[in-house]
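Contents: one structure, followed by commentary.
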Amino acid sequence: MAKKIIYFVRHGETVLNAQGIRQGAEGSLSDRGREQALQTAKKFPKHRGRPQIILASPFERAKETAEIISRELHLDIKYSPLLVERKNPSEIIGLSRTDPRVKAIVDRIDNGFHEDDLRYSDEENFTDLRARAKAALAFIAGRRERRIIVVTHSIFLQMLVAYMLYPKKLTASEYNKLAFFNPIDNAALTICTFTPHLLRRDEWKLLVWNDEMDETPEELK
């Protein structure tokens, strides 16, 4: 059974990121974000072991990032709604993260311990997000390609990795703790492997988080 290498990339910095504004689906890359995406694209192998396809969120900032990587590596892009960012409560979209109303809502849903089914208003809550992460990982694992770039978003990428590590034990409180202590930067690389098994549970393995790599993991050599 063939092992896959998955290169997860958070989109580059957006204009709204730089302004500290909470985003919805809209939000284009800043000049710095486009440069970040290009520098990330240059990190991938161009010959032996090169990626075979890009899977990306259709949100504007992820599409721009994927297109920059695609031009550098000459790869096709496939878009999937499974890879979009967590839907924020409508009350905070377009507002500054320093706004007291935003801080109060974010503290309640992202920064504190709470039940899995807590829902503030119309956001995608923990239970929703965990279910989508499961579906997204199945979608990625089911691709025929063995080396895949996935362009997505910070909160959803944190959920993907948390679900890989704790597929049956992940709670909202555990996820919030993991996300708080493990931020991810714009255009940073997170690298995982997926190994299917016939007689036991398929295995996801985290190799690199947020571009933090002291030496090249054996699986990538």
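All values below were derived from every heavy atom in this structure, side-chain atoms included, with hydrogens, water molecules and symmetry-related copies excluded. These numbers were taken from a predicted model, which means no experiment stands behind them.
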Taking all non-hydrogen atoms of both residues, which atom of [X] and which atom of [Y] are closest, and how far apart?
X: I69; Y: F44; value: CG2-CE1, 4.3 Å
X: L73; Y: P51; value: CD1-CG, 4.5 Å
X: P81; Y: R132; value: O-NH1, 3.9 Å
X: L75; Y: S70; value: O-OG, 2.5 Å
X: A133; Y: M159; value: CB-CG, 3.7 Å
X: T195; Y: K3; value: OG1-CE, 3.3 Å

Nearest-0.5 Å distance, [atom1] of residue [X] to [atom2] of residue [Y]:
X: D117; Y: T127; atom1: CG; atom2: OG1; result: 5.5 Å
X: N125; Y: Y120; atom1: CG; atom2: OH; result: 14.5 Å
X: I93; Y: L16; atom1: CD1; atom2: CG; result: 11.0 Å
X: L189; Y: W209; atom1: CG; atom2: CH2; result: 12.0 Å
X: L170; Y: L129; atom1: CG; atom2: CG; result: 9.5 Å
X: C192; Y: I148; atom1: SG; atom2: CD1; result: 12.0 Å

Do any pairs count as a salt bridge (Lys or Arg N to Asp or Glu O under 4.0 Å) and have a residue in [range], sequence neighbours left out, and if so which ones?
range: residues 135-159; result: R143-E145
range: residues 175-194; result: E174-K177
range: residues 25-37; result: E13-R32, D31-R34, R34-E64

Side-chain donor/acceptor of [X] to backbone N/O of [Y], under 3.5 Å:
X: T152; Y: L83; result: yes
X: D202; Y: H197; result: yes
X: Q158; Y: A179; result: yes
X: R10; Y: I184; result: yes
X: E60; Y: G27; result: yes
X: T65; Y: A37; result: no
X: E85; Y: F156; result: yes
X: N186; Y: H11; result: yes
X: N176; Y: F113; result: no

Taking atom types as modelled, find out whether D122 and S90 have a side-chain donor-acceptor pair closer than 3.5 angstrom.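 Their side chains do contain a donor-acceptor pair, which is all the 3.5 Å distance test asks for.
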
Take atom OH of Y166 as the centre, draw a 6.0 Å sphere, and report whether it contains more than 12 heavy atoms from other residues, nucleotides or ligands.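 No, because the 6.0 Å sphere around OH of Y166 holds 12 heavy atoms or fewer from other groups.
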
Could you tell me whether Q39 atom CD has more than 12 heavy atoms of other residues or ligands within 6.0 Å of it?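 Enclosed: over 12 neighbouring heavy atoms sit under 6.0 Å from CD of Q39.
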
Any heavy-atom pair between the side chains of [Y] and [X] that's under 4.5 Å?
X: L95; Y: I21; answer: no
X: S57; Y: K63; answer: no
X: L55; Y: V151; answer: no
X: I149; Y: I53; answer: no
X: I109; Y: E123; answer: yes
X: L82; Y: I140; answer: no

With a 4.0 Å cut-off on N to O distance, would you call D128 and K87 a salt bridge?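 No salt bridge links D128 with K87.
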
Which residue pairs pass the ring pair (Phe, Tyr, Trp, His ring centres under 6.0 Å) test when at least one of the two sits in residues 58-95, sequence neighbours left out?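 Residue pairs with at least one partner in residues 58-95: F59-H153.
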
Just one of F8, F194, Y163 clears the ring pair (Phe, Tyr, Trp, His ring centres under 6.0 Å) bar with W204, so which one?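 That would be F194; it is the only one of F8, F194, Y163 passing the ring pair (Phe, Tyr, Trp, His ring centres under 6.0 Å) with W204.
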
Under a single-linkage definition using a 4.5 Å side-chain heavy-atom cutoff for Ile, Leu, Val, Met, Phe, Trp and Tyr, are L118 and F180 assigned to the same hydrophobic cluster?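 No: no chain of side-chain contacts under 4.5 Å links L118 to F180.
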
Test L206 against T190 for side chain to side chain contact (heavy atoms under 4.5 Å, CB included), laying out the working first. CA-CA 8 Å; L206 176 64; T190 290; 3.7 Å; yes

Return the set of residues passing side chain to side chain donor-acceptor pair (under 3.5 Å) with T14 (not counting sequence neighbours), or none when no residue passes.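 Listed in chain order: N17, Q23.
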
Taking it one step at a time, do L137 and F139 satisfy side chain to side chain contact (heavy atoms under 4.5 Å, CB included)? CA-CA 5 Å; L137 291 176; F139 166 67; over 6 Å; no

Which one of I77, L29, I54 satisfies the side-chain contact (heavy atoms from CB on, under 4.5 Å) criterion with E67?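 Testing E67 for a side-chain contact (heavy atoms from CB on, under 4.5 Å) against I77, L29, I54 leaves exactly one candidate, I77.
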
Pairs meeting criterion side-chain hydrogen bond (donor to acceptor under 3.5 Å, both in side chains) with involvement of residues 91-112, two or more places apart: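 Listed by first then second residue: R86-D110, E91-S121, S96-T98, D99-R101, D107-N111.
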
